[in-house]
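Heads up: the structure comes next, in structure tokens.
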2 protein chains.
Amino acid sequence: MGVALMKVKSKENPSVEEVVEILSEGLSNEAIITLFAHCSVFYDGRAKSELGAGDRVIMIKPDGTFLIHQKEKRVPVNWQPPGSIVSFQIEEGKIKLRSVRRKPKEILEVELLKVYLISYFQAEDYEALNLMGSEAEMADLILQNPSIIEEGFKALQKEKPIKHGIIDIYGVDRDGNIVVLELKRRRADLHAVSQLKRYVDALKEEHGSVRGILVAPSLTSGAEKLLKDLGLEFKKLNPPKREKARKGKQKTLDML
Amino acid sequence: MGVALMKVKSKENPSVEEVVEILSEGLSNEAIITLFAHCSVFYDGRAKSELGAGDRVIMIKPDGTFLIHQKEKRVPVNWQPPGSIVSFQIEEGKIKLRSVRRKPKEILEVELLKVYLISYFQAEDYEALNLMGSEAEMADLILQNPSIIEEGFKALQKEKPIKHGIIDIYGVDRDGNIVVLELKRRRADLHAVSQLKRYVDALKEEHGSVRGILVAPSLTSGAEKLLKDLGLEFKKLNPPKREKARKGKQKTLDML
DNA sequence: GCGTCTATATCGAAG
DNA sequence: CTTCGATGTAGACGC
């Protein structure tokens with residue numbers, strides 16, 4: 001017995017039975033389910049939280065993602081990541097949604113006090129994001145054109161694992177000194193300087209003189225001071241916004 | 001002329017005119033608007049991205065938050081943060097949503113090729129999340145009971161600003177040595193050790209011997225090695241999951 | 001699986 | 001406003 005394959009289904013002010021029906025259908029159809037509901041939320045896992053009753057938007061994705069959004073902020077107030085298992089039960093005439101993550105063990109429970117809208121969407125999507133301006137692209141730019149850093153710079157290795165961490169770019173300058181580059185796609189802060197220092201210190205245990213260069217569009221005031229105190233250097237570089245080869249799944253003949 | 005104040009409104013497979021109507025109503029009503037739509041997305045700002053046509057869920061919050069979710073992953077594929085200004089226009093019979101952030105200048109554009117569902121929700125919510133198990137609670141625990149760290153430890157200051165950064169907890173041990181605590185609510189990594197090292201180094205410029213203790217439930221293998229190499233210490237401590245005083249806005253008589 | 005690191009990170013607190 | 005550090009960070013990539 002197959003469930004009707006509808007692209008979209010929705011119901012305003014549904015009864016408990018209708019919520020159960022649409023929820024079940026959405027889950028078995030691998031649809032994205034959204035609810036507008038008055039609800040309270042409980043979470044226990046890496047931390048623990050309680051959220052008293054209020055109106056929220058709930059989204060359940062076919063990959064197990066579970067999101068609860070309040071009317072403000074970019075981030076969900078509570079959530080469960082992909083791979084979580086969602087289920088529901090009825091207690092005293094109210095629906096309780098439950099999402100469980102196995103490792104680490106985390107449980108999210110939503111008590112639906114009133115559902116204003118339930119809907120699902122059988123989304124088809126074969127496209128992936130093409131993002132330009134990442135740190136990876138800064139690295140590509142430097143590897144293709146090392147003199148951007150300084151005349152005579154030669155890049156020897158990318159993502160070189162060392163004793164305590166992984167160096168973004170490892171190379172030598174015109175005088176043969178070892179050079180460590182730490183790249184940041186945005187304004188670099190104290191954290192970035194400490195990271196560079198850690199790499200430089202690790203290499204200094206083996207080589208004599210090691211230069212450390214922080215490559216970023218700019219520095220915070222504190223980063224600039226610390227960099228100077230530690231004898232490290234700064235090279236201004238903006239991340240390039242270049243088109244990349246398409247990575248997303250393409251609709252091919254095989255899929256039809 | 002006032003717009004009818006409905007808590008929820010929705011329309012499946014709406015016409016362009018109906019999308020415009022519900023969108024306008026939702027925006028002026030300070031509602032959360034969601035769309036199920038086949039769309040393509042363009043973003044330019046701190047980075048730049050393109051996303052070819054596919055089915056997504058779009059959410060627009062009254063605070064300006066703009067989210068575009070694909071059917072997988074916990075995070076939105078594109079977004080705009082709170083404070084952004086949303087608008088729309090019609091081009092060749094298609095609706096184009098546009099969200100602009102002023103600083104940094106960022107633009108998000110969504111071309112709606114087909115809308116399967118549009119809905120809005122006049123959400124009322126006066127509750128804030130009560131989260132237990134944060135780093136702040138570890139700090140409270142230590143300040144209330146310093147011997148948790150070791151016999152004779154005395155905490156002198158919390159969040160002490162120093163030359164390069166801010167120390168979580170600053171104190172002295174039974175022998176009068178300066179002690180720096182760096183707290184982590186989860187397994188501590190290389191970054192945490194580098195951070196502690198930065199604070200210890202800064203204090204060493206003024207005081208003679210300074211002890212650094214990383215306080216966390218556990219350490220990564222690399223963090224343990226680096227900690228030992230740097231002569232720093234580890235104290236195992238789990239973040240407590242304690243109830244906190246309510247912080248959320250409460251419905252009070254004044255509001256009625 | 002763990003370890004390491006990036007992110008259009010977002011968010012909040014403090015100066 | 002900027003700086004700084006936490007986050008139930010999530011996600012990716014390597015081993």
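Naming: A, B, ... by sequence-line order, numbering from 1 per chain. These values consider heavy atoms only, across backbone and side chains, with no hydrogens, waters or symmetry-generated copies.
Between R98(B) and S87(B), the side chains place no donor N or O within less than 3.5 Å of an acceptor N or O (distance only, hydrogens not considered).
Among the heavy atoms of the strands lying under 4.0 Å from R187(A) are primed sugar atoms or P, OP1, OP2 only; no base atom is included. In this structure, N78(A) reaches the bases: a heavy-atom distance under 4.0 Å links it to at least one base atom across the strands shown. At the heavy-atom level, Q195(A) lies under 4.0 Å from the strands shown only through sugar-phosphate atoms. If you check every strand for non-hydrogen atoms under 4.0 Å, K184(A) touches sugar and phosphate atoms only. Backbone-only engagement by E182(A) is indicated by non-hydrogen atom pairs under 4.0 Å involving sugar-phosphate atoms exclusively. Residue P82(A) is classed as a sugar-phosphate contact, given heavy-atom separations below 4.0 Å to backbone atoms only. K241(A) comes within 4.0 angstrom of no nucleic acid atom, judged by non-hydrogen atoms across all strands. Looking at heavy-atom distances under 4.0 Å, S49(A) makes no contact with the nucleic acid at all. At a threshold of 4.0 angstrom between heavy atoms, the contacts of G222(A) are confined to the sugar-phosphate backbone, with no base atom among them. Here Y199(A) lies in heavy-atom contact (under 4.0 Å) with sugar-phosphate atoms only. Using a 4.0 Å heavy-atom cutoff across all strands shown, E106(B) reaches at least one base atom of the nucleic acid.
For the residue pair R46(A) and K241(B), the shortest heavy atom distance occurs at O-CE, 4.1 Å.
The listed nucleotides are dG8(D), dG11(D), dC5(C); the one nearest the side chain of Q80(A) is dG8(D).
Summarising the geometry, the separation between CG on L190(A) and P on dC4(D) is reported as 4 Å, rounded to the nearest angstrom. Following rounding to the nearest Å, M132(B) (CE) and dG8(D) (P) show an atom-to-atom distance of 12 Å. Nucleotide dG14(D) holds its P atom 18 Å from the CD1 atom of I162(A), rounded to whole Å. Look at CD1 on I166(B): it is 7 Å from C1' on dA14(C), rounded to the nearest Å. Protein atom CZ of R102(B) is 13 Å distant from nucleotide atom P of dC1(D), rounded to whole Å. Residue L196(A) contributes atom CG, which lies 12 Å from atom P of dT6(C) at whole-angstrom precision. Between the CG atom of L219(A) and the P atom of dC4(D) there is a distance of 11 Å, rounded to whole Å.
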Check the pair K105(B) / V100(B) against side chain to side chain contact (heavy atoms under 4.5 Å, CB included), numbers first and verdict last.
CA-CA 7 Å; K105(B) 180 76 171 184; V100(B) 178; 4.0 Å; yes
D140(A) and K158(A): side chain to side chain contact (heavy atoms under 4.5 Å, CB included), yes or no, with the steps?
CA-CA 9 Å; D140(A) 292 343; K158(A) 183 167 79 156; 3.8 Å; yes
Take I68(B) and Y43(B), measure what side chain to side chain contact (heavy atoms under 4.5 Å, CB included) needs, and give me the verdict at the end.
CA-CA 11 Å; I68(B) 302 171; Y43(B) 153 76; over 6 Å; no
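In terms of position on DNA chain C, the residue among H164(A) and Y43(B) whose nearest nucleotide sits closer to the 5' end is H164(A). Comparing H191(A) and T65(B) along DNA chain C, the residue whose closest nucleotide (by nearest heavy atom) sits nearer the 5' end is H191(A). Comparing K73(B) and L131(B) by the nucleotide of DNA chain D that holds the closest heavy atom to each, the one mapping nearer the 5' end is L131(B). When each of A223(A) and K48(A) is assigned the nucleotide of DNA chain D bearing its nearest heavy atom, the one mapping closer to the 5' terminus is A223(A).
Look at R46(B) and you'll find a side-chain N or O under 4.0 angstrom from OP1 or OP2 of dA9(C). Contact annotation: R185(A) reaches the phosphate of dA9(C) (side-chain N/O to OP1 or OP2, under 4.0 Å). The shortest distance between the side-chain N/O atoms of T220(A) and the OP1/OP2 oxygens of dT3(D) is not below 4.0 Å. Between W79(B) and dT10(C) there is a side-chain N or O to OP1 or OP2 distance below 4.0 Å. Put simply, S134(A) has no side-chain N or O that comes within less than 4.0 Å of OP1 or OP2 on dT6(C). Taking side-chain N and O atoms only, K225(A) has no distance below 4.0 Å to OP1 or OP2 of dT3(D). An OP1 or OP2 oxygen of dC4(D) is reached within less than 4.0 angstrom by no side-chain nitrogen or oxygen of K163(B). Between dA9(C) and R186(A), a contact under 4.0 Å exists linking OP1 or OP2 to a side-chain N or O.
Nucleotides dG8(D) and dC4(D), compared at atom P, are 23 Å apart to the nearest Å. For the C1' atom pair drawn from dC5(C) and dA9(C), the interatomic distance equals 13 Å after rounding to whole Å. Between the P atoms of dT8(C) and dG5(D), the separation comes to 22 Å (whole Å).
Within the 4.5 Å cutoff, the side chain of R198(A) has heavy atoms near those of the L226(B) side chain.
Within 6.0 Å of atom CD in E109(B), more than 12 heavy atoms from other residues, nucleotides or ligands are found, so the atom counts as buried in its surroundings.
Between F36(A) and F121(B), the ring-plane angle classifies as parallel under the 30° and 60° cut-offs.
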